[in-house]
Every structure is written in C-alpha cells, then in structure tokens.
Amino acid sequence: MEIYRSIQNLFRFGTSRFDGPVLYGIFLLFGMGIVVMYSASVIPAEREFSDSNYYLNKQLLWGIIGIFSFLVFSQIPYQFLVRWSFLFSVLSLLLLISVFIPGLGKSVGTSYGRSFNRWIQIGGIQIQPSEFSKISILLFSSYFFYNFDFKKVKWDRKKIVSVLLIFATLVLIVIEPAFGTTIELLLVLFFFVLLAGFPMKRLFILGASVLPLLVVLVTQVGYRKKRLEIWLDPYKFRFDEGHQLVTSFRAFFDGGSFGRPVGSGYAHRYLAYSHTDFVMASFVEDFGFLGFLIFLSVVIFLFLRIYFLILRTKDKLGFFLGSGILILFGFQTILNLFVITGIVPVTGISLPFLSYGGSSLITIFILFGILANITSKENLVL
C-alpha cells in the first residue's frame, strides 16, 4: 500500500516545483542516447580519429552543457525570455547569415553536387545556427500570435517587421539548405495561427496555396529530387546513395525481437550517420523491437504528460509557448522515425536527446528547460 501511494504521489501534478515524471523521462532518453550513440560511433570514431571514445567524449561534454543550460533556463521566467525574443531573433538571423561568410561558415559538398552551408566554425567548435533558431522562432512567434487578433487586425510597423523577421529566418534556413528544420518551424507557425483563431477555411486555402511551392522545392531542387527517387526505390540505388536507407531496413530486420550483441551488427560497421540522424536504426539493431517499444513508450508518455501539464498552465502565453515546444519535439521525433523506416524521404533531422550533435542536444535541453519553467508548480492551476 505504501509503495502504491508513493507511485500515486509521483504521478500527481504539482507535488514538486518541477514535474518529476517529465524530468525522469528526459534523462532516461538522454541516457539511452549515450548508450546507443557510443555503440554506433565506436567504429567510425576509430576509423576517422583513431580514438573509439572520440564521439562519446564530445557528446558527454555537450550533454553536461545541455543539462547546465536546462537548469539555467528552468529558473528564468519564460515571460522574461519572451520579452527579449525580438533581440534573440535578430541575433539568430545574424548567425544564419554568418554561415555564408567565407572563413566563418563551413561548407560541405555532397555527392549530388550541392554545397550545404549549415555550420559556423570557430576554432575547434562547430555550431549549427538553424538549431538555435528554433528557440528564437518559438519565443518570438508565440508572443506575436498570442497578442494577435485576426478579427481586429491592424498592420502597424511592429507587426510588419515581426512577420518579415520570421520570414527572413525561414528563407535563410531554406537556402542553407535545412529543409527538415524549415518544415518543423512551418508546422509550429501553422499551429500558432490555428491557436490564434484564424478562420479554418482561410487557413486551409492558405495551406493549399503553399503546397505548390513545397512541391517545387522537393521535386525541382537537384539533391531533393534525387532523395525522392531513392525513397521511391531505395534498392535500385542500394550500392550508392540508397545504401543508407537499405542498411537502415536491414538493421530493423537483423535486430529481431531482442536485438544482437551490442555493437556487433552490420549497420554499426556500414551505416552512414549511424550515430546521428540514423541512430535509431543502430538502437533497434542492438536492442530489437522490444527496445524500440520501450523507447516509443517513454516518448509517448513524455508527450502526454507534458500535454496535460500545458493544459493546466495559468496564462495564454505559457500555453502558446509550451504547445509550440511540445509540437516541435513531437514532430521532430516522428519525422526522424519516419525517415529511417522509409515512410518519408531522407532529410537531415536529428532524434531529440539520442542523436550525436552538440547544437541539437543543447537546443533541446534549453527548450525543455523553458518548458520546465512554464509547467512549474507556481504556473499551474491545480
């Protein structure tokens, strides 16, 4: 009976300042990520740097920075962050521009003949501004739409500048290109417009008018067109560009119900990005379908727990911002899983808390730190 009461108290809302189950879920995902990321990165780390612990050491360092950032942002009132969101958005815009500056931005060529300008190189540190732009866009757009009344819209200078700033940020992310991030942010903006009370009929028409542009961006841009062809028939390209997706399929098959000996699978040796975007393929190869179900259960529980916490927030601004963070987390997770299972074409999108990468890991910890502040005990209706 005492154990039952302890469990009941653990899952009761508002028993502590920050929600215990959410914190446990976050750090459980991060712990799972460290295990599988190390397993998947040993061979490429040894091959590229002659140090099997290279990626593990960097991920642990970024994890420490991320956890520290989480603790800091969980203590900062989200109203303060929103108040300064315009400045954060301008800084984010400058960072996005800097990826195109020779000597500062790092350009990476691809087999499709396209250069990707997604990173800033400062000494030995590599930063991906499009990841951090998620924070500024969420803060700024949540405040913009929270105050927006579509029935009494008055387009003053402030509103026009705000729209142009959001639009410029999205354009720069598209140009990098970081198409997956663009789709993420567009979905969040769509959700904010819906929450702000924009008429559903007009919203549908607006969404339909954007579809041709998205189709053009996917089918007429060289590398995306190639990715679409690979997605439609990956086995036709299994010896070159389609090898990544085909190997991911094999990892799911080889993992079976309970997985293989950790780090011994085919994908660990031959799957490109096995510790970054395709880390879940390595996870399933190691821990099987059972491991995948456990991961999925943690994610679904975390999503639902946060959803019910957000419903209890006292003010509309907290509801907007918290909902935006939840939508971003949920969609990014789903999109990554859809990519590695071949449901949608391959796009560069990380798996929150699990994929290797400093910018993405620190960003998600910051966002959850803000979320922890929004859903703290004093901000909830209990």
Side-chain angles (χ1 to χ4, degrees), residues 13-14 16-27 29-30 62-92 95 127-147 166 169 181 184-185 187-189 191-192 195 299 302-333 350 352-353 358-381:
F13 294 106
S16 58
R17 189 185 175 201
F18 299 120
D19 192 66
V22 171
L23 294 179
Y24 298 144
I26 292 170
F27 289 105
L29 286 181
F30 177 59
W62 290 327
I64 292 170
I65 296 172
I67 292 170
F68 176 76
S69 300
F70 171 87
L71 295 173
V72 169
F73 279 87
S74 67
Q75 301 297 325
I76 301 174
Y78 64 90
Q79 297 91 340
F80 173 83
L81 295 173
V82 167
R83 199 177 304 129
W84 289 92
S85 60
F86 179 79
L87 177 60
F88 297 150
S89 297
V90 172
L91 291 174
S92 175
L95 285 174
I127 300 171
Q128 190 172 353
S130 59
E131 285 294 326
F132 294 109
S133 69
K134 295 175 184 178
I135 303 170
S136 61
I137 283 286
L138 278 166
L139 290 171
F140 186 64
S141 58
S142 63
Y143 181 65
F144 176 78
F145 286 108
Y146 148 76
N147 280 319
I166 294 171
T169 301
T181 300
E184 278 186 86
L185 294 176
L187 182 71
V188 171
L189 291 172
F191 183 75
F192 281 155
L195 279 181
V299 169
L302 195 57
F303 187 91
L304 291 175
R305 182 73 180 185
I306 294 169
Y307 170 75
F308 287 116
L309 281 168
I310 290 171
L311 289 180
R312 294 170 180 267
T313 53
K314 290 180 179 178
D315 71 312
K316 186 179 176 183
L317 177 59
F319 177 77
F320 262 67
L321 181 55
S323 298
I325 295 171
L326 183 60
I327 290 294
L328 188 77
F329 167 70
F331 180 71
Q332 186 170 334
T333 302
S350 61
F353 295 110
S359 297
S360 59
L361 183 61
I362 293 170
T363 294
I364 198 68
F365 265 120
I366 290 174
L367 288 175
F368 269 79
I370 297 171
L371 190 62
N373 185 268
I374 293 171
T375 58
S376 58
K377 184 176 181 179
E378 61 267 25
N379 292 327
L380 298 180
V381 176

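Scope of the values below: all heavy atoms of this structure, side chains included, with no hydrogens, waters or symmetry mates. Numbers here are sequence positions counted from 1.
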Legend entry - Sole residue of F30, W62, F68, F73 in ring pair (Phe, Tyr, Trp, His ring centres under 6.0 Å) with F365: F30
Legend entry - L185 CG to T169 OG1 distance, which is reported to the nearest 0.5 Å: 9.0 Å
Inset, instruction - Report, as yes or no, whether the 6.0 Å neighbourhood of atom OH on Y143 holds more than 12 heavy atoms from other residues, nucleotides or ligands. - result: no
Inset, instruction - With the side chain counted from C-beta on, respond yes when F140 and V90 share a heavy-atom pair under 4.5 Å apart, and no when they do not. - result: no
Inset, instruction - First locate atom CZ of F88, then atom CD1 of I135, and finally report the distance between them rounded to the nearest 0.5 Å. - result: 9.5 Å
Inset, instruction - Taking atom OH of Y307 as the centre, report whether more than 12 heavy atoms of other residues, nucleotides or ligands fall under 6.0 Å from it. - result: no
Inset, instruction - Determine whether F132 and I127 make a side-chain contact, defined as any pair of heavy atoms from C-beta on separated by less than 4.5 Å. - result: yes
Legend entry - Residue pair Y146 / D315, side-chain donor-acceptor N/O under 3.5 Å: no
Legend entry - Distance in Å, I137 CD1 paired with S85 OG, rounded so as to fall on 0.5 Å steps: 10.0 Å
Inset, instruction - State, yes or no, whether a side-chain contact exists between V22 and L309 at a heavy-atom distance under 4.5 Å. - result: yes
Inset, instruction - Would you give the length of the straight line joining atom OG of S360 to atom CZ of F353, rounded to the nearest 0.5 angstrom? - result: 10.5 Å
Inset, instruction - Nearest 0.5 Å please: distance from the CZ atom of F192 over to the OG atom of S142. - result: 5.0 Å
Inset, instruction - Kindly say whether Q128 contributes a backbone atom to a donor-acceptor pair with the side chain of S359 at under 3.5 angstrom? - result: yes
Legend entry - Min side-chain heavy-atom separation F18-T375 under 4.5 Å: no
Legend entry - L367, V299, T333 screened by side-chain contact (heavy atoms from CB on, under 4.5 Å) with P352, the one that passes: T333
Inset, instruction - Please check if any side-chain donor atom of N379 sits under 3.5 Å from a side-chain acceptor atom of S376, or the reverse. - result: yes
Legend entry - Check: L371 and Y78 side chains under 4.5 Å, non-hydrogen atoms: no
Inset, instruction - Only pairs at least two apart or in different chains count here, so list each salt bridge (charged side-chain N to carboxylate O under 4.0 Å, His left out) that has a residue in residues 72-88. - result: none
Inset, instruction - Check whether any side-chain heavy atom of N373 sits under 4.5 Å from a side-chain heavy atom of L81, and report yes or no. - result: no
Legend entry - Under the side-chain hydrogen bond (donor to acceptor under 3.5 Å, both in side chains) test, residues paired with S69 that sit two or more places apart: none
Inset, instruction - Apply the test side-chain contact (heavy atoms from CB on, under 4.5 Å) to residues F145 and L189: give CA-CA distance (whole Å), side-chain angles for both, the deciding distance (0.1 Å), then the verdict. - result: CA-CA 9 Å; F145 286 108; L189 291 172; 4.0 Å; yes
Inset, instruction - Please name the pair of heavy atoms, one in T181 and one in E131, separated by the smallest distance, quoted to 0.1 Å. - result: OG1-OE2, 4.5 Å
Inset, instruction - Go through K314 and E378 one step at a time and tell me if the salt bridge (Lys or Arg N to Asp or Glu O under 4.0 Å) criterion holds. - result: CA-CA 9 Å; K314 290 180 179 178; E378 61 267 25; over 6 Å; no
Inset, instruction - Check the pair S350, Q332 against side chain to side chain donor-acceptor pair (under 3.5 Å), reporting the backbone distance first and the verdict last. - result: CA-CA 7 Å; S350 61; Q332 186 170 334; 3.0 Å; yes
Inset, instruction - Any chance you could measure K134, atom NZ, to S92, atom OG, to the nearest 0.5 Å? - result: 11.5 Å
Output a table of donor-acceptor pairs, distance under 3.5 Å, between side-chain atoms of residues 316-329 and any protein atom two or more places apart or on a different chain; print 'none' if there are none.
{"unit_1": "S323", "atom_1": "OG", "unit_2": "F319", "atom_2": "O", "d": "2.6"}

Inset, instruction - Work out which heavy atom in S74 is nearest to a heavy atom in L71; give both atom names and the distance. - result: OG-O, 2.8 Å
